[in-house]
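None of these values were measured; they are calculated from a predicted model. Whatever order the structure lists ligands and atoms in, that order sets their numbers, starting from 1.
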Amino acid sequence: MHISAELRQLFARANRVLVLTGAGVSAESGVPTFRGGGNTAVWKGMPFDVISSAEMVERDLPAVWEWFDYRRDFLAELTPNPAHYEIARWQDSFVEFTLVTQNIDGLHQKAGSREVIELHGNIWRARCTTCSTAYSMVEEQRPEACLECGDLLRPDVVLFGEMLPPGAFELAAARARACELCFVVGTSALVYPAAGLPEIAKGAGAYVVEVNPERTPLSSLCDEVLTGKAGEMLPLFQR
Ligand code: BV8
Ligand code: ZN
């Protein structure tokens, strides 16, 4: 896979870089993507954007917990791959580096990335449905109910039809407007408002690079498309 001389130079000289990732960056770690091989992830007969919806939390919170408990147990065995480690290395290589992810798996942080803007929350946290007190599930089990107000806990992830964490998208959009170089890694770019970030970067004059084995609705907007796996492509960038 050829990386243009223009991109190599820009990568060598850039000060402000933004990376947006999706499920594809975790694929080489064994995390199933949502839309791989033409079909969409299904849980107990429900497409993932049904079980992962605000409406389902209202209707059947135990079913939502079952879905995320299954995924969390699955994730517990998995480790970051070279794509995560390369991105973690980049954070100290630029004046302003921003990592924005749609992933809830926490693998970027496991690889050493700090200040990750998690647009869709994190599967290793629970939060109270009433007072929003958050509980980590990394080491310990979640309590049956909120220790502050006694109300039910839910996964601390953003479900379809729900607003993103306060300020998360606004910060990501501001960084996208300011960046010179924007990498879009492993996303099908179908879920909004996340998929709008590369458009914002492009609109503000950034050089936009897509890393994906398949074309996406974003490919035609990109200045350069690197067709391949993130774990193989990203380590080719030396700074
Ligand atoms: C909201 C957490 C305001 C839960 C997730 C505008 C237009 C149309 C619809 C909307 C719109 N605005 C809002 C909507 C509705 C909706 C939406 O976008 N729907 C889509 C389906 C059309 N958006 C929302 O609901 C958002 N909230 O807008 O709030 C609001 C509020 C009230 C009322 C109205 C508006 C919230 C969306 C967040 C939902 N939560 N995740 C969970 O994980 O279960 S979304 C979840 O799905 C992921 O986080 C991610 O965002 C998305 C999956 O996409 P990808 O990560 O890209 O994964 P995918 O499998 O699709 O693709 C993988 C890619 O990797 C592929 O291209 C593949 O080729 C590539 N790949 C594979 N292997 C590799 C690779 N790439 C590199 N290397 C490899 N090795
Ligand atoms: Zn509470």
Exercise for review: Evaluate the side-chain hydrogen bond (donor to acceptor under 3.5 Å, both in side chains) criterion for residues H84 and T79: first the C-alpha distance (whole Å), next the side-chain angles of each, then the deciding distance (0.1 Å), finally the verdict.
Suggested key: CA-CA 10 Å; H84 295 110; T79 56; over 6 Å; no

Check your understanding: For ligand 1, does T187 get within less than 4.0 Å through its side chain, its backbone, both, or neither, judged by non-hydrogen atoms?
Key -> both

Review point. Is the F169 to Y192 ring centre distance short of 6.0 Å?
Key: no

**Study point:** Contact partition for L190 relative to ligand 1, non-hydrogen atoms under 4.0 Å
**Key:** backbone

Review point. Of the backbone atoms (N, CA, C, O) and the side-chain heavy atoms from C-beta on, which set of R71 has a member under 4.0 Å from an atom of ligand 1: side chain, backbone, both, or neither?
Key: side chain

Check your understanding: Do we get R72 above W67's six-membered ring, with its NZ or CZ under 6.0 Å from the centre and within 45° of the axis?
Key -> no

**Study point:** Close N or O approach (P193, ligand 1; < 3.5 Å)
**Key:** no

Exercise for review: Please state which part of S188 comes within less than 4.0 Å of ligand 1, counting heavy atoms only: side chain, backbone, both or neither.
Suggested key: both

Review point. With L119, which of L164, T101, V191 fulfils side-chain contact (heavy atoms from CB on, under 4.5 Å)?
Key: L164

**Study point:** Residues R89 and E86 bridged, charged N to O under 4.0 Å
**Key:** yes

Practice item. Just jot down the ligand 1 atoms closer than 4.0 angstrom to any heavy atom of A27, in number order. Key: 73 (N)

Exercise for review: Look at atom CD of E115 and say whether more than 12 heavy atoms of other residues, nucleotides or ligands are closer to it than 6.0 Å.
Suggested key: no

Check your understanding: Near V191, which atoms of ligand 1 are under 4.0 Å from a heavy atom of that residue?
Key -> 18 (O), 37 (C), 47 (O), 51 (O), 52 (C)

Point to revise | Number of protein N, O or S atoms [distance to the Zn ion (ligand 2) under 2.8 Å] | key: 4

Point to revise | Option nearest atom 40 (N) of ligand 1 (shortest heavy-atom distance, choices L226, V158, V184) | key: V158

Review point. Does the N or O separation between A230 and ligand 1 drop below 3.5 Å for any pair?
Key: yes

Exercise for review: List every atom of ligand 1 that sits less than 4.0 Å from any heavy atom of G22, numbering the atoms from 1 in the order shown and giving each element.
Suggested key: 56 (O)

Point to revise | ligand 1 atoms in contact with E214 (distance to a heavy atom under 4.0 Å) | key: 69 (O)

Review point. With only distance considered, is H120 within less than 3.5 Å of ligand 1 through an N or O on each side?
Key: yes

Point to revise | Whether A194 lies under 4.0 Å from ligand 1, heavy atom | key: no

Review point. Which option out of Y192, F169, F68 puts a heavy atom nearest to atom 12 (N) of ligand 1?
Key: Y192

Check your understanding: Between F48 and ligand 1, does any nitrogen or oxygen pair lie at a separation below 3.5 Å?
Key -> no

Check your understanding: Do NZ/NE/NH1/NH2 and the carboxylate oxygens of K110 and D105 come within less than 4.0 Å?
Key -> no

Check your understanding: Is R142 salt-bridged to D69, cutoff N-O under 4.0 Å?
Key -> yes

Check your understanding: Looking at Y70 versus W43, is the centre-to-centre ring distance below 6.0 Å?
Key -> yes

**Study point:** N/O separation below 3.5 Å, Q102 to ligand 1
**Key:** yes

Check your understanding: Does the distance from a Lys or Arg side-chain N to an Asp or Glu carboxylate O, for R71 and E66, drop under 4.0 Å?
Key -> no

Check your understanding: For the residue pair W90 and F94, does the interplanar ring angle fall in the parallel (under 30°), tilted (30 to 60°) or perpendicular (over 60°) class?
Key -> perpendicular

Check your understanding: Do we see a donor-acceptor contact under 3.5 Å between the side chains of Q102 and T21?
Key -> no

Review point. Using the ring of each side chain (for Trp, its six-membered ring), is F11 parallel, tilted or perpendicular to F237, with breaks at 30° and 60°?
Key: tilted

Practice item. With heavy atoms under 4.0 Å as the rule, classify the contact between E28 and ligand 1 as side chain, backbone, both or neither. Key: side chain

Practice item. Of the side chain and backbone of E162, name the one, both, or neither that has a heavy atom under 4.0 Å from an atom of ligand 1. Key: backbone

Review point. Is the closest side-chain donor-acceptor distance between E118 and Q109 under 3.5 Å?
Key: yes

Revision key, fill the gap. For A23, the atoms of ligand 1 under 4.0 Å from one of its heavy atoms are 55 (P), 56 (O), 58 (O)

Review point. Which heavy atom of G121 sits nearest a heavy atom of I104, and at what distance?
Key: O-CG2, 3.4 Å

Point to revise | Criterion side-chain hydrogen bond (donor to acceptor under 3.5 Å, both in side chains) on E210 and S219, from CA distance to verdict | key: CA-CA 7 Å; E210 182 174 57; S219 303; 2.5 Å; yes

Review point. Quick one: does G161 get an N or O within less than 3.5 Å of an N or O on ligand 1?
Key: yes

Review point. Any non-hydrogen atom of I104 lying under 4.0 Å from ligand 1?
Key: yes

